[in-house]
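Please read the structure below before turning to the comments.
Only heavy atoms go into these numbers, but all of them, side chains included; no hydrogens, no water, no symmetry mates. In what follows, chains carry the letters A, B, and so on, assigned in the order in which the sequence lines appear, proteins first and then strands, with residues in each chain numbered from 1. A quick note: this is a predicted structure, and the numbers were derived from the prediction, not measured.
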There are 2 protein chains.
Amino acid sequence: MVETMPGDALSGGPEDDFLRLDQQVCFSLHAASRAFNGVYRSALKDLGLTYPQYLAMLVLWEHGELPVKRIGEHLRLDSGTLSPLLKRLEAAGHVERRRSSEDERSVTVRPTEAGAALRERARAVPRRIAAATGLPLERVRALREELNALTAALDSADPVAASPCTAESD
Amino acid sequence: MVETMPGDALSGGPEDDFLRLDQQVCFSLHAASRAFNGVYRSALKDLGLTYPQYLAMLVLWEHGELPVKRIGEHLRLDSGTLSPLLKRLEAAGHVERRRSSEDERSVTVRPTEAGAALRERARAVPRRIAAATGLPLERVRALREELNALTAALDSADPVAASPCTAESD
DNA sequence: CACGATTGAGTTGTGCACAACTGAATCGCG
DNA sequence: CGCGATTCAGTTGTGCACAACTCAATCGTG
């Protein structure tokens, strides 16, 4: 019977280095994302928003009024995630949803007055987050660029998750 | 009645730049994490593992046998997340759980033979992921370092999410 | 030894993410 | 015009993440 002990001869190949390195990258990303989420959780508690709800409000504050579809494009989320999220934002009085009269399939979302007022209170949030990162702004900017490039690469490499028409079909 | 139009005079302050930049950083991280998840979803489909389950198996493959507590320390996850995840891994026949005889509170988890065998098939995964990132290994390593530093900073800045004894109490 | 505090795993409830699907509205081509 | 294909929002089901909690085992100190 073969014992698969850690550090054994069985796990000495370069494949395992790959495995280990790889694990670090994706896991670091995963952990950093959750750590950010935790800090936002604290920062947003006063506003009664979760982090994804905050992202949705950012989009709406910036664009004023958008169909669900457009919000999804900004956040890279589909209706399966957005519909319940927006319903919760509506229940909390932050947004208003109504069917478009031009296209009855579409639902237009926009901040209520209370939702717009919330923006003022949200102004304090980014400062807290920036302080928590402990990084200079340039560093943050560089990191952002790299992550965006990485996301684009991953999306285009994964024909399932990416937009169906992204891959060249010629 | 005040219209809060996008790009209006109301949103011209430096606060909004902060808001916008901030949104980019955390959101980029969030999006990259989800993009990674999507690629792993494809790569792990054959193995019948989700991405978090894969992470747990990586830890177990490396260490051979661990109590739930230790797995949680490696992955930065608590029992609320791990317990159901490990039960699913057990139901799939990948791991075995049993109460420690030394400390009846503790549950020791280790790969079954089938779970250990799965490792061989998992060796193909990192290559696929590395290819999908389209980044050279050095770049990946640098990114990992930065993300780890960021996570550490965020954890220490958030007294709730971090270890209760992290903050100095003197 | 006794008893309060702590530790470890598990459960419950909420919310996010995503695949797969439904159903209605719209589009487009014959 | 008519009818199949597409688009959009929403629903369902599964799984992860986390807060708050339960409960039993263990520890520490008197």
Can you identify which nucleotide, out of [options], has its nearest atom closest to the [X] side chain?
X        : options                : answer
A:Ser106 : D:dA19, D:dA17, D:dC8  : D:dC8
A:Leu77  : D:dA9, D:dC18, C:dC18  : C:dC18
B:Arg99  : D:dA9, C:dC18, C:dG10  : C:dG10
B:Lys87  : D:dG10, C:dT11, C:dG8  : C:dT11
B:Val107 : D:dA9, C:dG10, D:dC18  : C:dG10
B:Arg41  : C:dA19, D:dA19, D:dG10 : C:dA19

*Quick one: pull up NE2 in A:His94 and CD in A:Gln53 and give me the separation to the nearest 0.5 Å.*
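A:His94 atom NE2 to A:Gln53 atom CD measures 7.0 Å (nearest 0.5 Å).
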*Mind checking whether A:Thr133 and B:Leu154 have side chains closer than 4.5 Å, heavy atoms only?*
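The answer is yes; the side chains approach within 4.5 Å.
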*Evaluate the side-chain proximity of A:Asn148 to A:Arg144: yes if any heavy-atom separation is below 4.5 Å, no if none is.*
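The answer is yes; the side chains approach within 4.5 Å.
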I need the [atom1]-[atom2] distance between [X] and [N], as an integer number of Å.
X       : N      : atom1 : atom2 : value
B:Arg34 : C:dA19 : CZ    : C1'   : 15 Å
A:Leu75 : C:dC18 : CG    : P     : 11 Å
B:Tyr40 : D:dG15 : OH    : P     : 21 Å
B:Leu44 : D:dG15 : CG    : C1'   : 14 Å
A:Tyr51 : D:dA19 : OH    : P     : 17 Å
B:Leu86 : C:dT11 : CG    : P     : 12 Å
B:Ile71 : C:dG10 : CD1   : C1'   : 14 Å
A:Asp78 : C:dC21 : CG    : C1'   : 12 Å

[X] near the nucleic acid: base, sugar-phosphate alone, or nothing, with a heavy-atom cut-off under 4.0 Å?
X       : result
B:Thr50 : sugar-phosphate
B:Leu82 : nothing
B:Arg70 : nothing

Backbone N/O of [Y] and side chain of [X]: donor-acceptor pair under 3.5 Å:
X        : Y       : result
A:Ser33  : A:Leu29 : no
B:His30  : B:Cys26 : no
A:Arg76  : B:Ala35 : no
B:Thr112 : B:Gly93 : yes

*asked:* Return whichever of B:Thr81 or A:Pro67 has its heavy-atom-nearest nucleotide of DNA chain D closer to the 5' end.
replied: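 Result of the comparison: A:Pro67.
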I'd like a list of close polar pairs between nucleotides 23-26 of chain C and the protein, N/O only, cut-off under 3.5 Å.
unit_1	atom_1	unit_2	atom_2	d
C:dT26	OP1	A:Glu104	N	3.2

*Mark yes or no for a side-chain to base donor-acceptor pair under 3.5 Å between B:Ser79 and C:dG10, with no hydrogen or angle criteria applied.*
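Answer yes: a donor N or O sits under 3.5 Å from an acceptor.
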*asked:* How about CZ on B:Arg70, more than 12 heavy atoms from neighbouring residues, nucleotides or ligands closer than 6.0 Å, or not?
replied: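 At most 12 heavy atoms, drawn from other residues, nucleotides or ligands, come within 6.0 Å of this atom.
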